[in-house]
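Proteins get letters first, then strands, A, B, ... in listed order; numbering begins at 1 in each. All values derive from a computational prediction rather than experimental measurement. Because only heavy atoms are used, hydrogens play no part in the values below, and waters and symmetry mates are left out as well, while side chains stay in.
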Protein chains: 2
Amino acid sequence: MDDSKIRNMEQFASVSGISRPTVSKYFNDPGSVRPKTRARIEEALERYDYRPNMFAVNQNRRLTKNVGIVVPYLADPFFAEIARNIEQRCMQAGFWPTLFSAHGDSTLEVEILDSLRSLKPAGVLLAPLGRASDRAAIEKFCDDVPTILFDSNIEGVGDAFIGSDNTQIVRLSVDYLCRTGDAPCFFEMPPVNPNANKRRNGYIQAMEANGLEPQVIRVEGTGWGFEEVGYHGGLDILSKGLLTSDTVLCSNDRLAMGFLAACYERGLRVGHAKGCDLRVAGHDDHPFSRFGSPTLTTIAQDYEKISESSVEALFALIEGGRSDGPRIDRLFKGKLVMRASA
Amino acid sequence: MDDSKIRNMEQFASVSGISRPTVSKYFNDPGSVRPKTRARIEEALERYDYRPNMFAVNQNRRLTKNVGIVVPYLADPFFAEIARNIEQRCMQAGFWPTLFSAHGDSTLEVEILDSLRSLKPAGVLLAPLGRASDRAAIEKFCDDVPTILFDSNIEGVGDAFIGSDNTQIVRLSVDYLCRTGDAPCFFEMPPVNPNANKRRNGYIQAMEANGLEPQVIRVEGTGWGFEEVGYHGGLDILSKGLLTSDTVLCSNDRLAMGFLAACYERGLRVGHAKGCDLRVAGHDDHPFSRFGSPTLTTIAQDYEKISESSVEALFALIEGGRSDGPRIDRLFKGKLVMRASA
DNA sequence: CATTTTAGTTTACGCGCGTAAAGTTTTGAT
DNA sequence: ATCAAAACTTTACGCGCGTAAACTAAAATG
């Protein structure tokens, strides 16, 4: 590789023997130039390492190749994983993804969107905080920037929503638990987002469909430290004897993992096997659920499909422009993952 | 707020009654203009919402206000937390942080650095993959961009290293375990980074200092899925009866959490209390360690200080330029966190 | 082969802002 | 009030690239 440094596209064009406008065209879409031309450019690209200046490139373009990814809480490996998945898909499609986390803070969420504006993104994939979100601010942002919501819905905001069918997911867990033992009571997480309520309601529906009486246990706790809530709330529940069943269905796996720690501390043996005191199940198939003590029975969210579908929806939106059709909602079904805890 | 939209600094300058070069100066450093002028600009800023175009701003500046943060594996909440901490500090200092994760892949790590180059960052905070890292590529990057390494060191690369004193950390855990029960054997993680080796060597040193014979247990496994390694490796160790002590010190908490799951599955009772079969301890005070079954005794890394010190070192580097002095290494001590497991 | 189509070249302008130079006003110390 | 220093205004240029227009060369069509 020749080390004489190329300062700009002008120079690179001259060493590659192609005019600058054509080189510019190549970088915008390599397929838009003749194969022979493309070959010459790429040959030069091998010899000299030149990259167009990001800032100059984006200055004149009304629409950049930037894509914003915003998640509510990055310290949750679930979001880290889904972000990774989305990032890769975006890069493969030639976009430049940038990852942001609201860290559970709605003020920060709005700040992120404001910052994102100045990135002039072609589109944004947003998993909103949920109830805590500043609806008006997000709505305004979505007016200006093509935005796909995922994971957590805000009714009527954004160009589409991709997520899980929480009703089906909870239905599945309830049915499984009912078939394999006592009907579950429901250990509810703090309702930070609409999914929390969907799951509680889904539980109630599913129980009633089975002719059983729903039993919802709600504990104190706010924010995104679900393990903390599951642990301390769990200790509280156990010490006060509030459990109405020996089968506990938790709204999500992080809550369940905290609850498992509480059970262990209280000397309760959790599992579906004979001689166990309690069965515990969760939802999401969180990355750490398979390493619970015991390993956690749960319903897996199809986050491969959620990320795939989200990115697809965004690209369709970017290419096709905003349609006046109805807002698209796509919900994916969950799958039962049987492990030791229930 | 007046909604007539301001398109550029020219227009904003005219509505604020200040000339454009002065407004430009203000945005680069609000303190550099006369208080009266500043007040007029900020008054206009309240009425009209204008932000300088990021791309235009950065195009002419040799040095931007961008800061890159690169972590090896974002699905590890430890890195998510430290990234959050660093992000906030950077933003407070008026920088624009961008977060990247190598997702355990050295190819991606190099790609990230290449992308970062085109962001013309004022500086970069890099937690390298470690052994898997492409040393030459990182070295070359550090020649061009002021870079602080943190968490995991690469000898002689970058302008400084900020991390934990792994020797002290392991010494602390070994001493504690020896004083409270049988001397520990050491369950080693796959050596993905130099910290792994530092910890093993630290263990051996600490044991010998106590006049005891070190016992290192090494299992198969690669990559960053430490829980997986701890779990499967743990099952293997237990089934083959390879443990040389009833006290197991794990190189880190994630490995330990996996091992706890294995112990649970084998029906072993872990803890420091009477009647327990095994004591288990880890290192790092990982966010999830307090929710283990049992809660995990560990040595906490001082990641508040690590992030604070990393950012400080970077800012000093950015402002002061690179000195010819020796590379700065700062190591912080760990603190014992006594929980139920040992 | 002549003709149309496609792709590339040349030339030129503009994006929004940093920044330098020269001139003007304000400030604050004497 | 006097005057130098500090701050501001005006003017002007350049950053690196997108992109449009007018022209020319190459490829595809018949």
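In this structure, CD in Glu42(A) is found 7.0 Å from CG in Leu45(A), a value given to the nearest 0.5 Å.
Every pair passing salt bridge (Lys or Arg N to Asp or Glu O under 4.0 Å) that includes a residue from residues 104-133 of chain B is listed here, sequence neighbours excluded: Asp114(B)-Arg117(B), Arg117(B)-Asp144(B).
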*Assign a letter to each nucleotide of nucleotides 13-22 of chain D from its 5' end: B, base within under 4.0 Å of a protein heavy atom; S, sugar-phosphate only; -, no contact.*
-BBBBBB---
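Looking at Glu81(A) and Arg84(A), a side-chain N of the basic residue comes within less than 4.0 Å of a carboxylate O on the acidic one, giving a salt bridge. The residues Glu304(A) and Arg89(A) are annotated as salt-bridged, a charged nitrogen and a carboxylate oxygen being separated by less than 4.0 angstrom.
Distances shown here put every side-chain N or O of Thr22(B) at or beyond 4.0 Å from the OP1 or OP2 atom of dA7(D).
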Listing time: all N or O pairs from protein to nucleotides 22-24 of chain C that are below 3.5 Å?
none

Distance-only donor-acceptor hits, side chain of residues 145-156 of chain A, under 3.5 Å, sequence neighbours excluded:
residue: Thr147(A); atom: OG1; partner: Val145(A); partner atom: O; Å: 2.8
residue: Asn153(A); atom: OD1; partner: Arg327(A); partner atom: NH2; Å: 2.7

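Remark: Ile328(B) CD1 is loosely packed, at most 12 non-hydrogen atoms of other residues, nucleotides or ligands lying under 6.0 Å away.
The ring-ring contact (aromatic ring centres under 6.0 Å, His included) test applied to Phe332(B) returns no partner, not counting sequence neighbours.
With a 4.5 Å cut-off on side-chain heavy atoms, Ser16(A) and Arg40(A) do not count as touching.
Taking the six-membered ring for Trp and the full ring otherwise, Phe12(A) and Tyr48(A) have centroids separated by 6.0 Å or more.
Within residues 32-40 of chain B, the residues that place at least one heavy atom under 4.0 Å from DNA chain D are, in residue-number order, Val33(B), Arg34(B), Thr37(B).
His103(A) and Gln88(B) share no side-chain donor-acceptor pair at under 3.5 Å.
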